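Every value quoted in this text rests on a predicted model; they were computed, and no experiment measured them. So that the names make sense, note that chain A is the first sequence line, chain B the second, and so on, each numbered from 1.
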Protein chains: 4
Amino acid sequence: MEASAGIDPTGEVNGGHLRSFIERIERLEEEKRAIADDIKDVYGEAKSTGFDPKIMRKIVSLRRQDKHKRAEEEEILELYMAALGD
Amino acid sequence: MEASAGIDPTGEVNGGHLRSFIERIERLEEEKRAIADDIKDVYGEAKSTGFDPKIMRKIVSLRRQDKHKRAEEEEILELYMAALGD
Amino acid sequence: MEASAGIDPTGEVNGGHLRSFIERIERLEEEKRAIADDIKDVYGEAKSTGFDPKIMRKIVSLRRQDKHKRAEEEEILELYMAALGD
Amino acid sequence: MEASAGIDPTGEVNGGHLRSFIERIERLEEEKRAIADDIKDVYGEAKSTGFDPKIMRKIVSLRRQDKHKRAEEEEILELYMAALGD
DNA sequence: TTTGCATCTAAAAGCC
DNA sequence: GGCTTTTAGATGCAAA
């Protein structure tokens with residue numbers, strides 16, 4: 001990275017620009033936290049209606065793995081195709 | 001937790017209800033992931049305009065701690081107030 | 001954890017014992033590094049005989065995921081069994 | 001890399017050879033994982049006898065850095081020696 | 001060189 | 001309230 005990164009010719013960092021990035025990130029993180037809370041609420045709600053959150057988490061995890069695996073299989077297929085001369 | 005959790009008197013789990021919980025969670029997790037990606041994008045954008053993401057993360061983290069600390073102090077204050085008879 | 005952790009009644013840490021733990025860890029880490037180097041060598045060897053390391057890494061990764069998934073499936077099975085009253 | 005990597009003139013990948021490479025890697029990765037587990041165990045053991053694993057990690061890390069530094073200094077020394085006509 | 005990726009550590013949350 | 005599982009952050013390695 002260049003030494004002048006984020007620093008203008010006068011040697012000052014561009015505070016306003018940085019602040020805007022920081023604030024965008026903070027807004028997004030707050031949204032993320034809110035969603036995480038929602039997820040926790042759903043687990044709580046499910047638990048209070050008699051489902052086991054631990055099992056539910058496993059189910060969610062397994063389904064996520066399935067999706068991920070399928071995506072990777074597609075990737076590797078493309079790699080093979082390319083290796084075979086496309 | 002009772003052994004019959006999520007299982008009706010006939011010994012059947014309520015699949016439809018469970019499915020609906022799972023799907024709500026999966027939707028929320030997808031939103032969460034999307035926001036996490038957005039955050040990563042912002043860091044990337046900031047980096048490409050010359051800011052150091054590592055330093056930015058530190059700033060965000062410090063500001064988060066500050067906020068947390070302020071919230072705790074307010075809690076304590078309220079406890080004192082309550083102890084003093086409101 | 002108690003405040004006297006790793007500290008004898010005279011207020012001294014038990015240097016000899018600590019040293020022995022540290023050295024065990026360092027020996028193990030060295031072995032680990034050696035194996036990591038071996039792995040790198042195998043990829044290099046495979047590459048020099050005409051295989052694409054990138055594809056190989058994907059294959060290894062997919063097979064690892066398979067194993068992991070199977071392990072989780074077994075776990076969840078046990079959870080189900082337990083939930084059904086075992 | 002050439003497009004024909006790992007592929008013989010008939011357009012077939014040499015499955016047997018590839019499989020042997022993959023299996024060698026998987027065996028090595030398993031060994032690596034086993035050692036990583038051993039390391040974790042040692043930290044656990046140390047913790048249960050009253051040492052703080054976090055501090056221990058710091059010690060191990062510092063000693064590793066020292067070793068690197070000494071190795072680098074030796075390299076530089078050799079360069080000097082060579083420059084001086086051996 | 002730089003980006004992305006995978007590993008590993010440090011912190012947080014949930015559960016018992 | 002400890003303990004384990006989860007998640008964020010940091011570092012090191014490999015591909016482009």
Side-chain angles (χ1 to χ4, degrees), chain A residues 1-3 5 25 28-29 32-33 35-37 39-44 46-47 52-58 60-61 64-65 68 71-72 75 79 82-83, chain B residues 1 5 25 29 32-33 35-37 39-41 43-45 47-48 50 52-62 64-65 68, chain C residues 1-2 5 25 28-29 32-33 35-44 46-47 51-58 60-62 64-65 68 71-72 75-76 79 82, chain D residues 1 5 25 29 32-33 35-37 39-41 43-44 47-48 52-62 64-65 68:
Chain A
M1 166 158 332
E2 43 175 339
I25 289 166
L28 288 166
E29 294 210 328
K32 188 147 83 70
R33 249 187 311 276
I35 291 176
D37 286 345
I39 292 172
K40 207 187 314 181
D41 288 347
V42 177
Y43 278 116
K47 176 174 185 176
D52 181 339
K54 191 171 173 183
I55 292 181
M56 291 178 66
R57 284 176 193 279
K58 270 269 180 276
V60 170
S61 158
R64 182 167 45 223
Q65 283 177 51
H68 185 229
E72 277 218 333
E75 270 184 66
L79 286 175
Chain B
M1 153 145 357
I25 289 166
E29 293 210 330
K32 186 152 152 282
R33 243 185 318 271
I35 291 176
D37 286 346
I39 292 173
K40 210 188 312 180
D41 288 347
Y43 277 115
E45 195 185 331
K47 176 175 184 176
S48 74
D52 182 338
K54 188 172 172 181
I55 293 178
M56 291 178 65
R57 284 179 191 277
K58 260 285 177 272
I59 294 171
V60 170
S61 158
L62 287 172
R64 184 165 44 222
Q65 284 172 44
H68 190 225
Chain C
M1 167 164 325
E2 44 176 337
I25 288 166
L28 288 166
E29 294 210 330
K32 187 146 87 65
R33 249 188 311 277
I35 291 176
D37 286 345
D38 288 347
I39 292 172
K40 207 187 313 181
D41 289 347
V42 177
Y43 277 115
K47 176 174 184 176
F51 294 105
D52 181 338
K54 189 173 175 182
I55 292 180
M56 291 179 64
R57 285 177 193 279
K58 267 274 181 273
V60 170
S61 158
L62 282 171
R64 184 166 42 222
Q65 283 175 48
H68 186 229
E72 278 218 332
E75 271 184 65
I76 206 175
L79 286 175
Chain D
M1 155 143 355
I25 288 167
E29 294 210 329
K32 187 154 150 278
R33 224 166 297 130
I35 291 176
D37 286 346
I39 292 173
K40 210 183 318 177
D41 287 348
Y43 278 115
K47 174 174 184 176
S48 75
D52 181 338
K54 190 171 172 181
I55 292 178
M56 291 178 65
R57 285 177 192 279
K58 260 285 177 271
I59 293 172
V60 170
S61 158
L62 287 172
R64 184 165 45 221
Q65 284 172 43
H68 276 176

Between CD1 of C:I39 and NZ of D:K32, what distance do you get to the nearest 0.5 Å?
5.0 Å

Distance in angstrom units between C:D41 CG and F:dC13 C1', rounded:
14 Å

Quick one: label D:R33 by what it contacts on the DNA or RNA (base, sugar-phosphate, nothing), any heavy atom closer than 4.0 Å.
nothing

Separation of D:D52 atom CG from E:dT9 atom P, in whole Å?
15 Å

Taking CD1 from C:I35 and C1' from F:dC13, how many angstroms apart are they, rounded to a whole number?
18 Å

For the helix from E:dT1-F:dA16 to E:dC16-F:dG1, what is the angle between the axes at its two ends, each from 5 pairs, rounded to 10°?
0°

Using whole Å, report how far CZ of B:R64 lies from P of F:dT7.
15 Å

Residues that C:D38 engages under side chain to side chain contact (heavy atoms under 4.5 Å, CB included), provided they are two or more places apart:
C:D41, D:L28

If you round to the nearest 0.5 Å, how far is CG of A:D52 from OH of A:Y43?
11.0 Å

Please enumerate all residues that pass salt bridge (charged side-chain N to carboxylate O under 4.0 Å, His left out) together with C:R57, with sequence neighbours excluded.
none

Grab the CG-P distance between B:L62 and F:dG9 for me, whole Å please.
12 Å

How many whole angstroms separate atom NE2 of A:H68 from atom C1' of E:dA6?
12 Å

Which nucleotides of nucleotides 10-16 of chain E have their base under 4.0 Å from a protein heavy atom (B), which only their sugar-phosphate (S), and which neither (-), written as one string 5' to 3'?
SS-SSS-

Check the distance between E:dT7's C1' and D:D37's CG and give it to me in whole angstrom.
14 Å

Taking only residues two or more places apart in sequence or in another chain, which ones pass side chain to side chain contact (heavy atoms under 4.5 Å, CB included) with D:S61?
D:R64, D:Q65

Results of side chain to side chain contact (heavy atoms under 4.5 Å, CB included) for D:I59 - residues two or more places apart only:
C:L18, C:I22, D:I55, D:R63

Rounded distance (Å) that lies between atom C1' of E:dT9 and atom CD of D:Q65:
14 Å

Mind checking salt bridge (charged side-chain N to carboxylate O under 4.0 Å, His left out) for A:R33 and listing every partner two or more places apart, or none if nothing turns up?
none

For A:K58, side chain to side chain contact (heavy atoms under 4.5 Å, CB included) partners two or more places apart:
C:E72, C:E75, C:I76, C:L79

